[in-house]
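Here the structure is laid out as structure tokens; the discussion comes afterwards.
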Amino acid sequence: MIKCISAITLATHDMARAVGFYRALGFDVVYGGEDAAFTSFRAGTGFLNLIAESEARRWSWWGRVIFHHSDVDALYARAIAAGLRPEAAPRDAPWGERFFHLTDPDGHELSFAWPLRLAE
């Protein structure tokens, strides 16, 4: 039986830029860093990994990673203060989550959400 996702690995053309982006959102590096070919960040009980790929390697829309964050509005404010550009301000969704979307420098779509029933 599958219990959870342990990690997701995203490709980047510029590790230093990508590491800076994820650090600005509050992700903590547990392995690697700006000069590494592979970097791992803690994401709750799992990990978000980055792997360096050459400019020759291209990808198109692949989907979206959704992270739960207990204070979506504070994270949005942090992203704005860091000069990041979320798609729109946090909003309540009809499926019962407060969320906002953000695209990383390599085009990976991210969503930060929190169930409304847990926020009350």
Is it true that Met15 and Ile51 fall in one hydrophobic cluster, defined by side-chain heavy atoms closer than 4.5 Å?
no
State, to 0.1 Å, how close Ser54 and His13 come at their nearest heavy-atom pair, and which atoms those are.
O-CD2, 3.1 Å
Whichever hydrophobic residues join Val30 through chains of side-chain contacts under 4.5 Å
Phe47
Fit a plane to each ring of His68 and Trp114, take the angle between them on a 0 to 90° scale, and name the class: parallel (under 30°), tilted (30 to 60°) or perpendicular (over 60°).
perpendicular
Please determine whether a side-chain nitrogen of the Lys or Arg among Asp92 and Arg98 lies less than 4.0 Å from a carboxylate oxygen of the Asp or Glu.
yes
Does the side chain of His69 reach to within under 4.5 Å of the side chain of Asp71, using non-hydrogen atoms?
yes
CD (Glu109) and CG (Leu10) are apart, to the nearest 0.5 Å, by 11.5 Å
Which value, rounded to the nearest 0.5 Å, describes the distance between Phe99 atom CZ and Leu110 atom CG?
13.5 Å
Once rounded to the nearest 0.5 Å, what's the spacing between atom OG1 of Thr12 and atom CZ of Phe38?
12.5 Å
Over all atoms of both residues, closest heavy-atom pair of Ala36 and Thr39:
CB-OG1, 4.0 Å
Give a yes or no on whether Arg85 atom CZ has more than 12 heavy-atom contacts from other residues, nucleotides or ligands under 6.0 Å away.
no
His101 side, atom NE2; Ser111 side, atom OG - distance, nearest 0.5 Å:
4.5 Å
Provide the closest heavy-atom pair for Val72 versus Ala113 in the form atom of the first, atom of the second, distance.
CG2-C, 3.7 Å
Any sub-3.5 Å donor-acceptor pair from Asn49's side-chain atoms to Ala7's backbone N or O?
no
Among the clusters formed by ILVMFWY side chains lying less than 4.5 Å apart, do Ile8 and Leu25 turn up in the same one?
yes
Can you tell whether the side chains of Glu34 and Arg23 come within less than 4.0 Å, N to carboxylate O?
yes
Would you call the rings of Phe100 and Tyr76 parallel, tilted or perpendicular, where under 30° means parallel and over 60° means perpendicular?
perpendicular
Asp106 side-chain N/O to His108 backbone N/O, donor-acceptor pair under 3.5 Å:
no
Going hydrophobic residue to hydrophobic residue with side-chain gaps under 4.5 angstrom, can you get from Leu50 over to Leu84?
yes
Indicate, with yes or no, if Tyr31 and Ile5 share a hydrophobic cluster defined by side-chain heavy-atom contacts under 4.5 Å among Ile, Leu, Val, Met, Phe, Trp and Tyr.
no
Let me see the working for Tyr22 and Asp104 under side-chain contact (heavy atoms from CB on, under 4.5 Å), right down to the final yes or no.
CA-CA 8 Å; Tyr22 285 99; Asp104 84 359; 2.7 Å; yes
Hey, quick one: are Leu48 and Phe21 part of the same hydrophobic cluster, counting side-chain heavy atoms closer than 4.5 Å, chains of contacts allowed?
yes
Are any of the side-chain heavy atoms of Phe41 and Val19 separated by less than 4.5 Å?
yes
